[in-house]
Enquirer: 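Let me give you the structure first, and then I'll get to my questions.
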Amino acid sequence: MYLEITTKLRDALAKHIRVKYGVQLHIVLERPPKIELGEAASPVCFELAKRLKKAPRQIAQEIQNGLPAVPGITRLEVAGAGYLNAYFDRGVFWEAAWDEAARAIPQGLKPGEVVPTDVGPKGPTTKREAAAPAKTGKDRQKWLSHKIIVEHTSINPNKAAHIGHVRNAVLGDTMARTLRQAGRNVQVQNYIDNTGVQVADVVIGFLHMEKRTPVTVKTLAMEPRFDYYCWDLYAKATQFLAEDKEQATKLRGETLRAIEEGRGEEAEVGQVVADAVVSCHLQTMARLGIFYELLARESEILHSHFWDLAFAKLKDLGVIQFVRYGKMAGCWIMPWKEENSGINTAGTESAEGTETTEDENTQDKIIVRSNGTVTYVGKDIAYQLWKFGLLGKDFHYAKWPNTPEGEEVWATTSGANDPKAPPFGAAAKTVYNVIDARQAYLQDVVAQGLRGLGHAEAAENSIHLSYEIVALTPRCAAEMGYELTPEEAKKPYVEVSGRKGFGVKADDLIDQLEAAAHAEVQQRHADMSVEEQKRTAHAIAVGALRFFLLKFTRNAIIAFDFADALSFEGETGPYCQYAVVRIRGIRRKGAEAGTTRVAMAPETAQKLLAGGEGNGLWEVLLAAGSLDYAVDATIGAREPAFVAKYAFQLAQAFNNFYHKHHILSEADEQKHAFLLGLTELVETQLVRALHLMGIDAPEKM
RNA sequence: GCGCCUGUAGCUCAGAUGGAUAGAGCAUUAGCCUCCGGAGCUAAGGGUCGGGGGUUCGAACCCCUCCAGGCGCGCCA
């Protein structure tokens, strides 16, 4: 609601200023520091003052008098040195907020996912008129239908998921849910690098260290938590390979090649391992409410000759060059220039593969190795082209066999195409790649490749949703039995290492959170059935973990500590969930007591929200009505942390209100009805906000 | 060496697109259960926004410079 009104205000101001002063300006709107100063303010007159050579206050005065009425806004005032402060019509806002909440279809749900039914009542008991619907029109509809791909998780399928992977998945999942909430057409994909060195190392572990056969590996892979087994084996294999560098290079090379070409025991074991571990990851993520539409596997990028096609294009357009002499002799490289506005120099000459690059530039990125194999970047360019529908080729698809209960997931396949598969190959307009910040350079190279191929728009719409790593505090690392060097002990954090097998596994952490939450629930609700206790504890655990990973902005390094992550107090998921539980408690209690709830008179809300005495209630209502604003900011800044911030602030506003007003015992019937209505509005909005983060609020906790 | 990121309260972090008296949580201290659930609420203390220049009516935010820390720059991904 807040967004709707401020958008109208912004448009009105822009139009008025254009007409009256002949100046085209971007109108900045901000939230005033205090509620007494109104709900939205613009410093635009300061900017105008410069251009018009007039005092800002005078201009503000003129605009205040001249601006036509804006729906939802009662008045404008000039404040300070020349601010224009807008005051909302609180009664209208109340009606409109209710209307918006009531017609909100819980989006961000995947097909088959159950809509939470208990999200508040039907609406206010009075209705004036529906708020002006958001701009409809064909253009908007078309824009909304544009396909967006969100690719996240993308864990190497050779070990269990750890806390850092969970951050990736939670960010991606929340972004996807938020985009869907905004009405966008989103498809979630998970990239599976099933042919890389990481899988090869585990294959070496099975075949060379443990001397297993494909059959025994297959049996082992059916055991629960096979990913944990691989976690340890991967660490052992890394150590084993580090002992003899020469042999390691040879062994890795041979294994990798066999896997890529899909031949021999290596390929067989590689596939078994990768598929089994992916299924484990799906289970882990399902515990957190994270699902995927498509698993895009690297093996199919190779087998379907995606790369060959992209390679030809890259050569034809001279985006990559063949190196004849020097360190990189025999490689195909993409030149990396300081001003890489595009690659247009010497391109055509080198297309034949006969040109040399004279000066060795270490920044140049190798795309094809001298042995003819393609690097990750090359494959990623091909893959990215496919996402935008620019490759002219599509995968075959089949249902993934081992999905979490009740879920349907598709995967690319080298086998026959299932004609019932959704149109995954449809071109996307925007692609979000959730990848950690360390890979920024590689993502730049991929984008540069797209630009070089003449797809500047695709490069522009390839969004690297980068985020910083999750590390451990030294104390936490020590607790886990990691031996710290003196330097490490002094640092604020210690990096985890999959290769060393050092890190907090996702399932272990969720288990711990569930246990801690369960103990708490047991203590508070001894009468609750064990099953319900567990369900509740699960919701709390998920709430705590997801919120914890979301409350930091993307480029903050999270120094993980069990004490922080297991906390249920303060700025946490459970705090927000608790606010919802309180509201439901009130509603339950009210229903039990059979208190009658009278219809609200049309002027009740207006009256109770008015003036200084109404400010407390108004702030709660304003917070509840600002979800659209939070969603907009989240998408605009690509910052899922904003959702967490919003949910926390709303919960906080409610808790404050809760302690000031005793709702059920309110003697004034009209006020009672209003307080109850406000409470229910908060519930609806808070539940929606939590849902964007994949957090459910239990009935009791 | 080149590129990117970070530096805000004792600690962990918000302050998107430059705006009014820089905000939360944790920790500390003092209060609040005859009343809808205390995973809560109220209040207090705590800041040279790393230092220094500059641009601007206005800078935590933009520019320059220095300092400190991190990451990337591999025929790994």
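Being a predicted model, the structure only gives us computed values, none of them experimental. Every chain is numbered from 1 and lettered A, B, ... according to where its sequence line falls, protein lines coming before strand lines.
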Enquirer: Remember a base hit wins even if backbone is also touched, and classify H464(A) as base, sugar-phosphate or nothing at under 4.0 Å, heavy atoms.
Expert: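 Since no nucleic acid heavy atom lies under 4.0 Å of H464(A), the category is nothing.
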
Enquirer: Can you give each donor-acceptor pair under 3.5 Å made by side-chain atoms of residues 29-40 of chain A, sequence neighbours left out, with the distance rounded to 0.1 Å?
Expert:
from	atom 1	to	atom 2	distance (Å)
R31(A)	NH2	S626(A)	OG	3.2
E39(A)	OE1	F88(A)	N	2.6
E39(A)	OE2	W618(A)	NE1	2.8

Enquirer: Name the nucleic acid region contacted by T373(A), choosing base, sugar-phosphate or nothing; use a 4.0 angstrom heavy-atom cut-off, strictly under.
Expert: nothing

Enquirer: Would you say a side-chain N or O of R582(A) is under 4.0 Å from OP1 or OP2 of rG38(B)?
Expert: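 For R582(A), the contact criterion (side-chain N or O under 4.0 Å from OP1 or OP2 of rG38(B)) is met.
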
Enquirer: Is M701(A) close to F568(A) at the side-chain level, that is, under 4.5 Å between some pair of heavy atoms?
Expert: no

Enquirer: Is the distance from OP1 or OP2 of rG25(B) to the nearest side-chain N or O of Q652(A) less than 4.0 Å?
Expert: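 Indeed, a polar side-chain atom of Q652(A) lies that close.
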
Enquirer: Using the C1' atom on both, measure rU21(B) against rC49(B) and round to a whole Å.
Expert: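 After rounding to an integer number of Å, I get 15 Å for this pair.
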
Enquirer: In whole Å, what is the span from the CG atom of L513(A) to the C1' atom of rA39(B)?
Expert: 14 Å

Enquirer: What nucleotide among rC36(B), rU42(B), rA39(B) has an atom nearest to a side-chain atom of Y658(A)?
Expert: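 Taking heavy atoms from C-beta onward, the closest nucleotide is rC36(B).
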
Enquirer: Considering only side-chain heavy atoms of E571(A), which listed nucleotide, rG25(B), rG37(B), rC71(B), is closest?
Expert: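 Within the option list, the nearest is rG25(B).
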
Enquirer: Quick one: R554(A) CZ to rU6(B) P, roughly how many Å, whole number?
Expert: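 From R554(A) CZ to rU6(B) P: 11 Å.
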
Enquirer: Atom CD1 of I663(A) and atom C1' of rC35(B): how far apart are they, to the nearest Å?
Expert: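 That distance rounds to 12 Å.
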
Enquirer: Between K491(A) and rG70(B), does any side-chain N or O lie under 4.0 Å from OP1 or OP2?
Expert: yes

Enquirer: From the list rA39(B), rG72(B), rG37(B), which nucleotide is the closest neighbour of the side chain of P574(A)?
Expert: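 Nearest to the side-chain atoms of P574(A), counting from C-beta on, is rA39(B).
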
Enquirer: With pairs defined as Watson-Crick or G-U wobble and both distances under 3.5 angstrom, please note down RNA chain B as a dot-bracket string, | for pairing with another strand.
Expert: (((((((..((((.....[...)))).(((((.......))))).....(((((..]....))))))))))))....

Enquirer: Is any side-chain heavy atom of C230(A) closer than 4.5 Å to one of N158(A)?
Expert: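 They are not in contact (no side-chain heavy atoms under 4.5 Å apart), so the answer is no.
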
Enquirer: Roughly how many Å is it from CG in D364(A) to P in rC2(B), rounded to a whole number?
Expert: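 Atom-to-atom, D364(A) to rC2(B), this comes out as 18 Å.
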
Enquirer: Mind checking whether F654(A) and Y658(A) have parallel, tilted or perpendicular rings, split at 30° and 60°?
Expert: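 Aromatic pair F654(A)/Y658(A) classed tilted.
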
Enquirer: When you check the gap from the basic side-chain N to the acidic O, do E495(A) and R438(A) get nearer than 4.0 Å?
Expert: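 Looking at E495(A) and R438(A), the cut-off is met.
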
Enquirer: Nearest whole angstrom, please: distance from the P of rC75(B) to the CZ of R252(A).
Expert: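 R252(A) atom CZ is separated from rC75(B) atom P by 15 Å.
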
Enquirer: Under 4.0 Å, heavy atoms only, any strand: does A556(A) hit a base, just the sugar-phosphate, or nothing?
Expert: sugar-phosphate

Enquirer: Output the single nucleotide from rU6(B), rC36(B), rG40(B) whose closest atom is nearest the side chain of K589(A).
Expert: rC36(B)

Enquirer: Could you walk me through whether I469(A) and I557(A) satisfy the side chain to side chain contact (heavy atoms under 4.5 Å, CB included) test, starting with their C-alpha distance in whole Å, then the side-chain angles of each, then the deciding distance to 0.1 Å, before giving a yes or no?
Expert: CA-CA 6 Å; I469(A) 55 164; I557(A) 294 172; 4.3 Å; yes

Enquirer: Looking for any heavy atom pair under 4.0 Å, which part of the strands does Y493(A) touch: base, sugar-phosphate only, or nothing?
Expert: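 Sugar-phosphate: the residue Y493(A), judged by heavy atoms under 4.0 Å, touches backbone atoms but no base.
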
Enquirer: Choosing from rC75(B), rA20(B), rC41(B), which nucleotide comes nearest the side chain of R369(A)?
Expert: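 Shortest atom-to-atom distance from the side chain points to rC75(B).
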
Enquirer: Using 30° and 60° as the class boundaries, would you call the ring planes of Y575(A) and F648(A) parallel, tilted or perpendicular?
Expert: tilted

Enquirer: Which nucleotide in the list rC13(B), rC41(B), rC36(B) gets nearest to the side chain of H662(A)?
Expert: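 Nearest to the side chain of H662(A) among the choices is rC36(B).
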
Enquirer: Please list, in numerical order, the residues of residues 538-551 of chain A that have a heavy atom closer than 4.0 Å to any atom of RNA chain B.
Expert: I540(A)

Enquirer: Classify the nucleic acid contact of E569(A) as base, sugar-phosphate or nothing, counting any heavy atom under 4.0 Å across all strands shown.
Expert: sugar-phosphate

Enquirer: For Y575(A), answer base if it contacts any base atom (sugar-phosphate contacts may also be present), sugar-phosphate if it contacts only those atoms, and nothing otherwise; contact means non-hydrogen atoms under 4.0 Å.
Expert: sugar-phosphate

Enquirer: Classify the nucleic acid contact of V368(A) as base, sugar-phosphate or nothing, counting any heavy atom under 4.0 Å across all strands shown.
Expert: nothing

Enquirer: Could you tell me whether the side chains of Y234(A) and D201(A) share a donor-acceptor contact shorter than 3.5 Å?
Expert: no

Enquirer: Using whole Å, report how far NE2 of H661(A) lies from P of rU42(B).
Expert: 13 Å

Enquirer: What interatomic distance, in whole Å, is found between C1' of rG15(B) and the corresponding atom of rA9(B)?
Expert: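 Each nucleotide's C1' atom is 14 Å from the other's.
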
Enquirer: Is R51(A) salt-bridged to E47(A), cutoff N-O under 4.0 Å?
Expert: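 Here R51(A) pairs with E47(A) in a salt bridge, since their nearest N and O are under 4.0 Å apart.
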
Enquirer: Is any side-chain nitrogen or oxygen of N555(A) closer than 4.0 Å to OP1 or OP2 of rU6(B)?
Expert: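 It does, given that an N or O in the side chain of N555(A) lies less than 4.0 Å from OP1 or OP2 of rU6(B).
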
Enquirer: Need the glycosidic conformation of rC13(B): syn if within 90° of 0, anti if not. Which one?
Expert: anti

Enquirer: When the distance from CD1 of I557(A) to P of rG70(B) is rounded to whole Å, what number comes out?
Expert: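 Interatomic distance, CD1 of I557(A) to P of rG70(B): 10 Å.
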
Enquirer: Is there a side-chain contact between Y578(A) and the phosphate of rA39(B), meaning an N or O under 4.0 Å from OP1 or OP2?
Expert: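 Checking Y578(A) against rA39(B): at least one side-chain N or O falls below 4.0 Å of OP1 or OP2.
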
Enquirer: By nearest nucleotide on RNA chain B, pick out whichever of D632(A) and G80(A) is the more 5' one.
Expert: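 Its nucleotide being nearer the 5' end, the pick is D632(A).
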
Enquirer: With a 4.0 Å cut-off on heavy atoms, is R524(A) in touch with a base, just the backbone sugar-phosphate, or nothing at all?
Expert: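 Here R524(A) touches the bases of the nucleic acid.
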
Enquirer: In terms of side-chain heavy atoms of E298(A), which of rU56(B), rA14(B), rA77(B) is nearest?
Expert: rA77(B)

Enquirer: Looking at every strand, decide which applies to S370(A) at a 4.0 Å heavy-atom threshold: base, sugar-phosphate, or nothing.
Expert: base

Enquirer: One thing to verify: whether K379(A) and E298(A) come together as a salt bridge, which I'm taking to mean a side-chain N less than 4.0 angstrom from a carboxylate O.
Expert: yes

Enquirer: L37(A) or A637(A): which one's nearest nucleotide on RNA chain B is closer to the 5' end?
Expert: A637(A)

Enquirer: For nucleotides rG46(B) and rA27(B), find the distance between their C1' atoms and express it as a whole number of Å.
Expert: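 Between the two C1' atoms, the distance is 11 Å.
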
Enquirer: Between E683(A) and R582(A), is there a side-chain N and carboxylate O pair less than 4.0 Å apart?
Expert: no

Enquirer: Within the structure shown, what part of the strands sits under 4.0 Å from A49(A) by heavy-atom distance: base, sugar-phosphate, or nothing?
Expert: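 Contact class for A49(A): none.
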
Enquirer: How would you label the contact of K34(A) with the nucleic acid (heavy atoms, under 4.0 Å): base, sugar-phosphate, or nothing?
Expert: base

Enquirer: For rC64(B) and rG47(B), measure between their C1' atoms and round to the nearest Å.
Expert: 26 Å

Enquirer: Looking at every strand, decide which applies to I558(A) at a 4.0 Å heavy-atom threshold: base, sugar-phosphate, or nothing.
Expert: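 I558(A): no heavy atom of the nucleic acid under 4.0 Å.
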
Enquirer: Taking the six-membered ring for Trp, are F560(A) and F562(A) parallel (under 30°), tilted (30 to 60°) or perpendicular (over 60°)?
Expert: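 Judged by the thresholds at 30° and 60°, the geometry between F560(A) and F562(A) is perpendicular.
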
Enquirer: Among rA77(B), rG37(B), rG25(B), which nucleotide sits nearest the side chain of D193(A)?
Expert: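 Nearest to the side chain of D193(A) among the choices is rA77(B).
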
Enquirer: Report the nucleotide, chosen from rA77(B), rA20(B), rA39(B), that has the shortest atom-to-atom distance to any side-chain atom of N156(A).
Expert: rA77(B)

Enquirer: Determine whether the side chains of S299(A) and N194(A) contain a donor N or O and an acceptor N or O closer than 3.5 Å.
Expert: yes

Enquirer: How far does the P atom of rC5(B) sit from the matching atom of rA39(B), given to the nearest Å?
Expert: 43 Å

Enquirer: For F552(A), answer base if it contacts any base atom (sugar-phosphate contacts may also be present), sugar-phosphate if it contacts only those atoms, and nothing otherwise; contact means non-hydrogen atoms under 4.0 Å.
Expert: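 Here F552(A) touches the backbone only, sparing every base.
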
Enquirer: Which part of the nucleic acid does Q649(A) contact within heavy-atom distance under 4.0 Å: base, sugar-phosphate only, or nothing?
Expert: nothing

Enquirer: Out of rA16(B), rC75(B), rC57(B), which has the shortest distance to the side chain of A633(A)?
Expert: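 Nearest to the side-chain atoms of A633(A), counting from C-beta on, is rA16(B).
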
